[in-house]
Amino acid sequence: MHKNLFFLCLLLAPSFSFAQQSCSISISCKEKALQEVLQQLREQCDVVFSYNPESIPLTQKISLQLSDKSLDFVLDQLSEHYGLGYQLRGNRVILFKDSKRKQLILSGFVKDAESGEKLIAARVVDLRSGRGVLTNEYGFFSLKLPCDSISLWVTYATYKNLRKSFPLEKNAFLQLELNPDYELGEVEILADEARIWEGDYDPSEVWVSIREVKALPALLGEVDVMKTLQLMPGVQAGREGSSGLYIRGGGPDQNLVLLDGVPLYYVNHLGGFFSIFNPDALTDVKLIKGGFPSRYGGRLSSVLDVHMKEGNMKEWHGAGSLGLLTGKFSLEGPLKKEKSSFIISARRSYLDLILSPIVSRITDRSVGLGYAFYDLNAKINYLLSPNDRFYVSFYSGHDRTFTSFKSETQNVQPGLKEFWERKTSSLVQWGNNLMAARWNHIWSPRLFSNMTATYGYYEYKLQFNHNYTYHEELSGRRSFANYQWRYQSGIQDIGLKLDFDFYPHPLHEVKFGGGSLSHSFRPGYGRINFYSDFDRFINSQAVSDSSLIRSLENHVYVEDQWKISPKFRLHTGLHAVYYVVGKKSYPSLQPRISAFYRPAKNLQFKAAFVSMAQYVHLLTNPGLDLPSDRWVPATEKIPPQTAQQLSLGAWWERPDKGWSMSVEGYYKKLQNLIAYSSSENFYSQSIQWQDFVEKDGTGEAYGLECLLRKIHGKTSGWIGYTLSWNYRQFDHINGGRPFPFRYDRRHDISAAIVHDFSEKVSFSANWVYGTGNAYTLTTGRHQSWMQDIGEFSPFSLEGFAGVFAGERNGNRMRNYHRLDLGFQFKKQTNWGERSWHLGLYNAYNRKNPYYYFFETELISDNGGPLLPLVKLKQFSLFSMLPSISYHFSF
């Protein structure tokens, strides 16, 4: 009987066990003791828990929010998050401590200890488990770690490393503060600490610190982020002194330039010699040349992601400088200490304040000349709660240049006294306004979100006036004529986007989100007005299209950084866009994939493929570099540009010495490019801009980039080399044959060095060399419509007569090279720090070509008649230029 009862129990036990496991459990508890949670499970599922009270933490606080879950599911949650192992024996659950299975979440922010500013892309690593992560764009990180003692190591360039050891017994949220390293001496890296270098480097990404930007020599002493980036391999400057970026065969329009997440279009001052970025207002600059993450879209060649400072949350600070060209001042501090902060930074040139009075006095007020630009950056951030932060960013920057000429002519004859007065003036203005409002929220230790509303506006205006007055004194007759030409173009963007960072597993970092961007384009509106009372003639003529084009760009994306093994990781993603303009839509799926393999500790290989699409075009005048170049959208007639890029690279490092070296090759194919027709340009009389462009162009670019860099020690710097080819092809340009792109450059070398003699004195230098730019040689000239305007033309007839062009970009300028030198002298005072910066641009006075022109000379052969001889001559923009600037901070 007992024997039969025993076998019956064995038969019923699995059914009974299954019944217990399949029961439905709903539980809601926050920070309750484990003992109370087990009691609720007993009541809902009729089970008995067996355990050793000395090994099970009955007082540990438990948080669960579950509905209609099985007993197995609930026990798995206790096992994963609280280190509890279990076994089922009928209606009995045996609990025991299992620290190997317990996984906890360590999350938080990394910030500057002095200012409270968040640090982007700081490395946070647990040296015991080897798990690590980079902070996101807002300084947030999340790590899933075993329940154990951890040894946390945090590092960030130009900051002192932080090491922190403590037992991790429950989910923790940390505020990690790093102190700036002002000494920049040799950095000692311990054997176990060196593993933080493993798997984090991408040779397609360039990070530039603001300290590096300010340390290098600068044109006229005006330090510039863009000019520092031009010293990197794969990045070209275009013309002499220009701050444009031509990256891996792309034009400046193919760079996605973001300032606090807001797209910018024209980013230069003074015709391209300086960028709009004031280094005193910036905290982080990142350039991506290939292997683009899926969260970025809308451009083909690169992403330049720039972030403004948040403002010091602890103390008030100020900084400023006076140079040959501009003056700058910044002020930052807490609105409420440790709760909110602000920064405001302003920069203005004062060429107009100096030149205008001098020119007016020299010419007896017959000539007026002036140019000025300004930048204004402002930002406020407010800590709403430990999980919520709100930001508002603002930027405004404009250029304004004007000229005026006045002349008088007098004719006195018997019975006649005549006067002619001519007044000519021109005004050119361009600039950007943008604003961004952002809300960060931490939903859980694993999930972080950022919502951003953006507004951006770019506008270009040109106005020319010519007034002609005739006065006959004896008869009192007075007549006049007026010629006026106006042109205006602009872009307005309004957008909303939502981005998430999700950390589901130590091997996965997932980013996903989406957004919508509304574009309003006015590609160009021009009008010529002419009035004369000589014969009461009035004429008004539109010379370009005035219609407004609206479009909508919607996108979603997902990307996953998967650490498959300690030696192999994979970044995959998809960027999907649905672009609508008029009655036409352009859907696009853009896959992105990057693979990283590390066969040895100091060696890494990378392969990447990306597909990109771009919904704006830039119509550029051959030979000109003005903000008047037209930004135009993809339309029903003109499709968006597309590109595919494949890159292969390798990277080697010596972290203990601060040395690294990278080599990367790339191949890029471009489709649906547009350009001005050979016979048309910006000043053509066509009403519809779409009527005078060549479309369906293709491009091809490929090359090899090498970079040797040293980032630690008293001497730091880099040497970069680029070997590249870059071609374009259109059916009706250059006879349909491929031709070199405007800035095709075979060889490009750059070297930069900074040496600290002491804490007070430092020296810097950079040297650049490049193959000469390609250009089109003019072979003849013909009359153009501008000549019909006669003396009322805003342009000289020589400069804008029509020309016969030779092979498109079939000639080369002389090779370019230049050496710049700089010294900094710092001194600590009782109120802060002051420093003098001395610089020498083009130290050995190289006459580099800016452009070529024809000049006609009359010559005689052996005393014969004078005959015209046309010579090709070179114009050089900058010779040797010294500079001096004064900087202060408090």
Side-chain angles (χ1 to χ4, degrees), residues 203-206 226 229-239 242 244-257 287-292 296 298-304 590 592 608-614 616-620 622 625 629 640-649 663-675 694-707 720-730 733-734 737-750 768 770-776 808-810 812-813 816:
S204 293
E205 293 186 2
V206 177
M226 305 287 265
L229 290 171
Q230 290 171 359
L231 298 174
M232 295 295 176
V235 183
Q236 296 179 15
R239 290 189 168 197
S242 169
L245 299 180
Y246 295 81
I247 298 174
R248 291 189 173 179
D253 60 312
Q254 294 173 347
N255 303 318
L256 177 61
V257 182
L287 176 67
I288 306 175
K289 300 180 292 181
F292 308 105
Y296 297 111
R299 297 295 189 274
L300 303 185
S301 289
S302 74
V303 178
L304 179 58
Q590 303 162 35
R592 320 278 174 83
F609 173 81
V610 297
S611 176
M612 307 286 284
Q614 178 170 327
V616 294
H617 303 268
L618 183 66
L619 284 170
T620 304
D625 190 12
D629 291 345
Q641 307 174 61
T642 58
Q644 302 78 41
Q645 183 180 156
L646 175 67
S647 58
L648 299 170
V663 178
E664 187 169 24
Y666 66 90
Y667 177 82
K668 182 191 294 183
K669 192 72 176 177
L670 304 97
Q671 302 87 25
N672 297 330
L673 304 179
I674 68 173
E694 289 290 333
K695 58 181 182 179
D696 300 326
T698 60
E700 185 180 38
Y702 48 93
L704 182 71
E705 302 167 1
C706 306
L707 178 65
Y721 170 71
T722 305
L723 173 67
S724 62
W725 290 262
N726 187 6
Y727 298 99
R728 296 288 188 269
Q729 186 173 14
F730 293 85
I733 296 178
N734 202 50
R737 300 182 302 276
F739 58 89
F741 184 49
R742 185 180 184 185
Y743 295 110
D744 173 67
R745 183 176 292 175
R746 197 69 61 244
H747 304 282
D748 205 329
I749 304 173
S750 60
V768 294
T771 301
N773 289 334
Y775 75 99
T776 303
R808 189 68 169 257
N809 293 338
R812 289 279 177 181
M813 294 184 176
Y816 182 96

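Bear in mind the structure is a predicted one, so any value in this text is a computation, not a measurement.
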A.B. asks: Any side-chain heavy-atom pair from Phe292 and Gln645 closer than 4.5 angstrom?
C.D. replies: yes
A.B. asks: So does Gly699 get a backbone contact from the side chain of Arg728, meaning a donor-acceptor N/O pair under 3.5 Å?
C.D. replies: no
A.B. asks: State which residues pass side chain to side chain contact (heavy atoms under 4.5 Å, CB included) with Asp253; sequence neighbours excluded, sorted by chain then number.
C.D. replies: Gln614, Leu618, Trp631, Gln641
A.B. asks: Which heavy atom in Pro252 sits nearest to a heavy atom in Tyr246, and how many Å separate them?
C.D. replies: CD-CE2, 3.2 Å
A.B. asks: Of Gln254, Glu705, Gln236, which is the lone residue that meets side chain to side chain donor-acceptor pair (under 3.5 Å) with Arg248?
C.D. replies: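 Answer after filtering Gln254, Glu705, Gln236: Glu705.
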A.B. asks: Rounded to the nearest 0.5 Å, how far does CG of Leu229 lie from CG of Leu304?
C.D. replies: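 Answer for the CG-CG pair, Leu304 versus Leu229, is 6.0 Å.
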A.B. asks: Please walk me through it: do Glu700 and Tyr667 pass side-chain hydrogen bond (donor to acceptor under 3.5 Å, both in side chains)?
C.D. replies: CA-CA 8 Å; Glu700 185 180 38; Tyr667 177 82; 2.7 Å; yes
A.B. asks: Do the side chain of Asn672 and the main chain of Thr642 share a donor and acceptor less than 3.5 angstrom apart?
C.D. replies: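 It does not hold such a pair.
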A.B. asks: Is Asp748 salt-bridged to Arg746, going by a charged N under 4.0 Å from an acidic O?
C.D. replies: no
A.B. asks: Anything under 30° is parallel, anything over 60° is perpendicular, the rest tilted; go ahead and classify Tyr702 against Trp725.
C.D. replies: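 Ring orientation, 0 to 90° scale: parallel.
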A.B. asks: Checking Thr722 side chain against Gly234 main chain: does a donor-acceptor pair fall under 3.5 Å?
C.D. replies: yes
A.B. asks: Roughly how far apart are Ile749 CD1 and Leu723 CG, rounded to 0.5 Å?
C.D. replies: 10.5 Å
A.B. asks: Assess whether side chain to side chain contact (heavy atoms under 4.5 Å, CB included) is satisfied between Asp744 and Asn809, documenting all intermediate values.
C.D. replies: CA-CA 9 Å; Asp744 173 67; Asn809 293 338; over 6 Å; no
A.B. asks: Tyr666 and Ser724: which non-hydrogen atoms are nearest, and at how many Å?
C.D. replies: OH-CB, 3.6 Å
A.B. asks: List the steps, then state whether side chain to side chain contact (heavy atoms under 4.5 Å, CB included) holds for His747 with Tyr721.
C.D. replies: CA-CA 7 Å; His747 304 282; Tyr721 170 71; 2.8 Å; yes
A.B. asks: Indicate yes or no for a side-chain donor-acceptor contact from Arg742 to the backbone of Tyr775 under 3.5 Å, with no hydrogens or angles considered.
C.D. replies: no
A.B. asks: Can you give me the closest heavy-atom contact between Gly290 and Ser204, atom names plus distance?
C.D. replies: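 Closest heavy-atom pair between Gly290 and Ser204: O-CB, 3.2 Å.
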A.B. asks: With the side chain counted from C-beta on, respond yes when Arg808 and Arg737 share a heavy-atom pair under 4.5 Å apart, and no when they do not.
C.D. replies: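 When only atoms from C-beta onward are counted, Arg737 and Arg808 do not touch, as no gap falls below 4.5 Å.
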A.B. asks: Please step through side chain to side chain contact (heavy atoms under 4.5 Å, CB included) for the pair Leu287 and Ile247, ending with a clear verdict.
C.D. replies: CA-CA 10 Å; Leu287 176 67; Ile247 298 174; 3.7 Å; yes
A.B. asks: Quick one, Gln590 with Val610, criterion side chain to side chain contact (heavy atoms under 4.5 Å, CB included). Give me CA distance, side-chain angles, the key distance, then yes/no.
C.D. replies: CA-CA 7 Å; Gln590 303 162 35; Val610 297; over 6 Å; no
A.B. asks: In terms of relative ring orientation, are Phe739 and Phe730 parallel, tilted or perpendicular, with 30° and 60° separating the classes?
C.D. replies: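 If you compare the ring of Phe739 with that of Phe730, the planes turn out parallel.
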A.B. asks: For the side chain of Lys289 and the backbone of Pro233, is there at least one donor-acceptor N/O pair under 3.5 Å apart?
C.D. replies: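 The answer is yes, because a donor-acceptor pair under 3.5 Å joins these two groups.
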